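Report on one structure; see the data block that follows.
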Amino acid sequence: METKKFVLLDIDYITEDDRAVVRLFGKLQGDEKGRSVIAVDKGFKPYIYVLPHDSEECVTDINEMDVEGVEWVREKDIGKTKDFLKVTLKHPQDVPKLRDKIRNLDSVLDIREHDIPFYRRYLIDKGLFPMSEVEVDGEFVNAEDNSFRCAEDTCVFEIQGEPRPVESEFPDLKILSFDIEVYNPKGMPQAEVDPIIMMSLSSNQGLEKVLSTKSSRLEFVETLESEEAMLERFVEIVKSENPDLLIGYNSDNFDMPYINDRAEKIGVELDMGTDASKLKFMRRGFANAGLIKGRIHVDLYLLMRRYLTLDRYTLERVYRELFDEEKEDVPGDEIYQYWDDGGEKLDTLFRYSLDDAVAVTKIGEKMLPLSLELTRIVGQPFFDIARMTTGQMVEWYLIRKAYEYGEIVPNKPSSTQYSERRSKRAAGGYVKDPVKGLHENIVSFDFRSLYPSIIISKNVSPDTMVSECSEDECYIAPEVGHKFLKEPVGFVPSIIGNILKERVRIKTMMKASENPREKQILDVQQQALKRLANSMYGVYGYSRFRWYRIECAEAVTAWGRDFIKKTMKQAEDYGFKALYADTDGFYATFEPSDEN
DNA sequence: CAAAGTCGGGG
DNA sequence: GTGTACGACTTTG
């Protein structure tokens, strides 16, 4: 038996002999540093919780089904201790198969935690965090003797016992950016007819290359005899560079599907995964996500929409915003002309293509650290985090915390609950229309993290909300009158409190640090925590969320309006004149009257 | 006026 | 995959 340590990049599960096998995709640390590893764990089973109506009958009913076993557990449900039946199933896909049957039993009141993807359950229950290190005991297995496939330079390790999270520094990640150019005489290209003419690659370790079916004197251009050869070379480079992160711009929607369609048409295998698997697409509602096992494909477009507030989100616009530099631009509908013209025009196109890939690398280096820190805090795969809204991150963070606190996670709303929730919206923050005109000597006031502070100071949480309560024992929200026990500290306030405490701790460390790189990492960490804390209010007001509670949302905004109005009133008593206010701050001029 | 439809990015 | 989800804006009935 050996012990191995690796950076956990990604996770999924496969089925072997009707049993689920969790696969942890990583990069080894230690003597084999940099080598890709797939660590497999055969010892984890799916489960759901059942809230019984009739305990004895419930056990009998469920044991008649094809389940692994049942066990009584005592857990909290919105703060109330209850006995749940923990039902372990044989395979993750038994959950959707059996859950309705179980829910509909007369002996059952409700089922819980029946919609948590298996790999997410694994991360939470084992206390593992992607983009952090994991230590495992076990043995290397020869992939050929098993059903575990892997790429040439990847090794397969079978875990025995429990994986252990390791406190670790932020990992060095190898990033490879890519961008394609397509022949498009008729506007937007059609994969059915329009070939890929260039594939650009740029890494954070100095690689700058454009593959093309035309030649050039430019040294970064590598010419291939056909589109087929170009696609094969692309796959070869991805495998040999062995990046942890593969990043593009709008690549979920354009580059990845296009490469896939052309490869399929021409007959090239895009077997770029570290398990030798092909490029796949995951339906995520209206959008697709390109997935390469063992490498994390990230579409920066999605992230930029989340992080920046701009009128447009073209690569050019985002690049200018972040670096205050103009990029060489070729209008999209003229690309085929540049290609056909050849000569200087063609060289311009080559440079433009490479520039795009290099810009993606630069944007990635600047903007990915925040998402990577959020990954290390929220504890879900980076692939998912890069495609989640902050609200969803908050929810997965709370789900992990619920496990630690012994709270059973509330169910997602049914479609009827959802539409019912949508029909009522909590009143928002206080807004005072601006006084028209050009004002001088403006002062601004703002509450730091107004909503998180209210949730903590007024203990606003579903588990502390009560209908009847005296003013001694409860905080009572203005206007709306919702009541929250002063003690004990609620689930959500407790978690926000810990986030803010952790943020203060990191900011202190940051100030004390002499090492600029360490300072920068700590700064991103505290930003990530701030983001999480500030988004946490949303869980009460967004109709989709598990911890939705309109009364909590109403109470928070009511206290918010109360605070800002009182503060404005006080400022006016001191001679300020409010000009404009919105939610957590206001602007004023100093206009003392004669008495002052 | 509410409901239904479109679009973003990419070439 | 223990899936199936946006939000701002415009057009239509």
Side-chain angles (χ1 to χ4, degrees), chain A residues 12-15 20 44-49 87-100 102-103 111-122 124-125 178-191 193-198 248-259 262 280-291 299-306 309-318 329-339 349 352-353 356 360 384 387-392 395 399 409 411-413 415 418 422 542-545:
Chain A
D12 73 354
Y13 85 92
I14 54 168
T15 301
F44 190 62
K45 289 269 183 267
Y47 60 88
I48 64 169
Y49 293 105
V87 179
T88 303
L89 296 120
K90 291 182 172 166
H91 191 277
Q93 294 188 350
D94 289 346
V95 176
K97 272 185 209 147
L98 293 176
R99 69 180 160 202
D100 290 330
I102 295 175
R103 184 175 19 220
I111 56 169
R112 302 285 284 276
E113 305 200 7
H114 54 83
D115 52 6
I116 294 171
F118 191 57
Y119 67 92
R120 295 193 177 186
R121 178 88 275 170
Y122 185 90
I124 292 167
D125 290 19
F178 69 106
D179 180 48
I180 64 170
E181 309 303 327
V182 170
Y183 193 69
N184 60 331
K186 288 184 238 156
M188 274 314 283
Q190 305 290 311
V193 286
D194 299 323
I196 297 171
I197 54 180
M198 295 180 189
Y249 201 81
N250 201 26
S251 43
D252 269 346
N253 254 317
F254 181 74
D255 302 63
M256 283 299 196
Y258 209 94
I259 291 171
R262 291 303 294 176
K280 283 202 185 81
F281 291 90
M282 310 211 37
R283 265 233 151 69
R284 297 176 76 88
F286 53 98
N288 273 339
L291 177 84
D299 183 345
L300 281 186
Y301 166 66
L302 296 164
L303 284 183
M304 293 309 100
R305 293 205 70 154
R306 235 152 257 157
T309 309
L310 300 173
D311 45 350
R312 308 196 62 200
Y313 294 88
T314 60
L315 185 56
E316 277 73 24
R317 181 69 189 82
V318 167
D329 191 28
V330 174
D333 51 7
E334 291 171 27
I335 283 175
Y336 77 98
Q337 289 170 352
Y338 280 66
W339 176 255
L349 186 59
Y352 160 76
S353 183
D356 270 8
V360 169
D384 297 348
R387 291 168 178 79
M388 273 183 195
T389 63
T390 33
Q392 290 169 314
E395 188 160 279
I399 290 172
V409 175
N411 285 333
K412 280 195 276 200
S415 57
Y418 175 64
R422 285 207 66 156
Y542 299 152
S543 343
R544 278 226 158 65
F545 289 158

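Since this is a predicted model, take the numbers as computed values, not measurements. Numbers restart at 1 for each chain; the letters A, B, ... are given by sequence-line order, proteins then strands.
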Please name all residues satisfying ring-ring contact (aromatic ring centres under 6.0 Å, His included) with [X], sequence neighbours left out, ordered by chain then number.
{"X": "F118(A)", "result": "Y13(A), F44(A)"}
{"X": "F545(A)", "result": "Y542(A)"}
{"X": "Y338(A)", "result": "none"}

* Short N-O contact, D311(A) and R317(A), less than 4.0 angstrom -> yes

* **Salt-bridge contact D252(A)-R284(A) (side-chain N to carboxylate O under 4.0 Å)** =>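 Salt bridge between D252(A) and R284(A), a charged N being under 4.0 Å from a carboxylate O: no.
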
* Asked: Is D194(A) reaching over with its side chain to a backbone N or O of V182(A), donor-acceptor style, under 3.5 angstrom?
  -> no

* Y13(A) side chain N/O closer than 4.0 Å to the phosphate oxygens (OP1, OP2) of dT2(C)? ->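 Yes, because at least one side-chain N or O of Y13(A) sits under 4.0 Å from OP1 or OP2 of dT2(C).
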
Regarding [X], tell me which of base, sugar-phosphate or nothing describes its non-hydrogen contacts under 4.0 Å with the strands shown.
{"X": "R312(A)", "result": "sugar-phosphate"}
{"X": "F545(A)", "result": "nothing"}
{"X": "F118(A)", "result": "base"}
{"X": "D255(A)", "result": "nothing"}
{"X": "G248(A)", "result": "nothing"}
{"X": "L315(A)", "result": "sugar-phosphate"}
{"X": "I180(A)", "result": "sugar-phosphate"}

* Do L302(A) and R305(A) have side chains that get closer than 4.5 Å, going by heavy atoms? ->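 They are not in side-chain contact.
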
* Report yes if the side chains of I335(A) and I197(A) come closer than 4.5 Å at any heavy-atom pair, otherwise no. => yes

* When you list every nucleotide of DNA chain B with an atom under 4.0 Å from a heavy atom of chain A, which one comes first 5' to 3', and which comes last? -> dG8(B) to dG11(B)

* Using the C1' atom on both, measure dA5(C) against dG1(C) and round to a whole Å. =>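 Per the computed distance, 15 Å lies between those C1' atoms.
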
* To do: Could you measure between the two P atoms, the one in dT10(C) and the one in dG9(B), and give it in whole Å?
  => 15 Å

* Quick one: I399(A) CD1 to dT2(C) C1', roughly how many Å, whole number? -> 12 Å

* Nearest-Å distance, CD1 (I124(A)) to P (dT2(C))? -> 13 Å

* Please name all residues satisfying salt bridge (charged side-chain N to carboxylate O under 4.0 Å, His left out) with K90(A), sequence neighbours left out, ordered by chain then number. => D66(A)

Check nucleotides 3-7 of chain C for protein N or O atoms closer than 3.5 Å to its own N or O atoms and list the pairs.
| from | atom 1 | to | atom 2 | distance (Å) |
| --- | --- | --- | --- | --- |
| dG3(C) | OP2 | R99(A) | NH1 | 2.6 |
| dG3(C) | OP2 | R99(A) | NH2 | 2.8 |
| dG3(C) | N2 | R283(A) | O | 3.2 |
| dT4(C) | OP1 | K412(A) | NZ | 3.2 |
| dA5(C) | O3' | R544(A) | NH2 | 3.4 |
| dA5(C) | N7 | G285(A) | N | 2.6 |
| dA5(C) | N6 | R283(A) | O | 3.3 |
| dC6(C) | OP1 | R544(A) | NH1 | 3.2 |

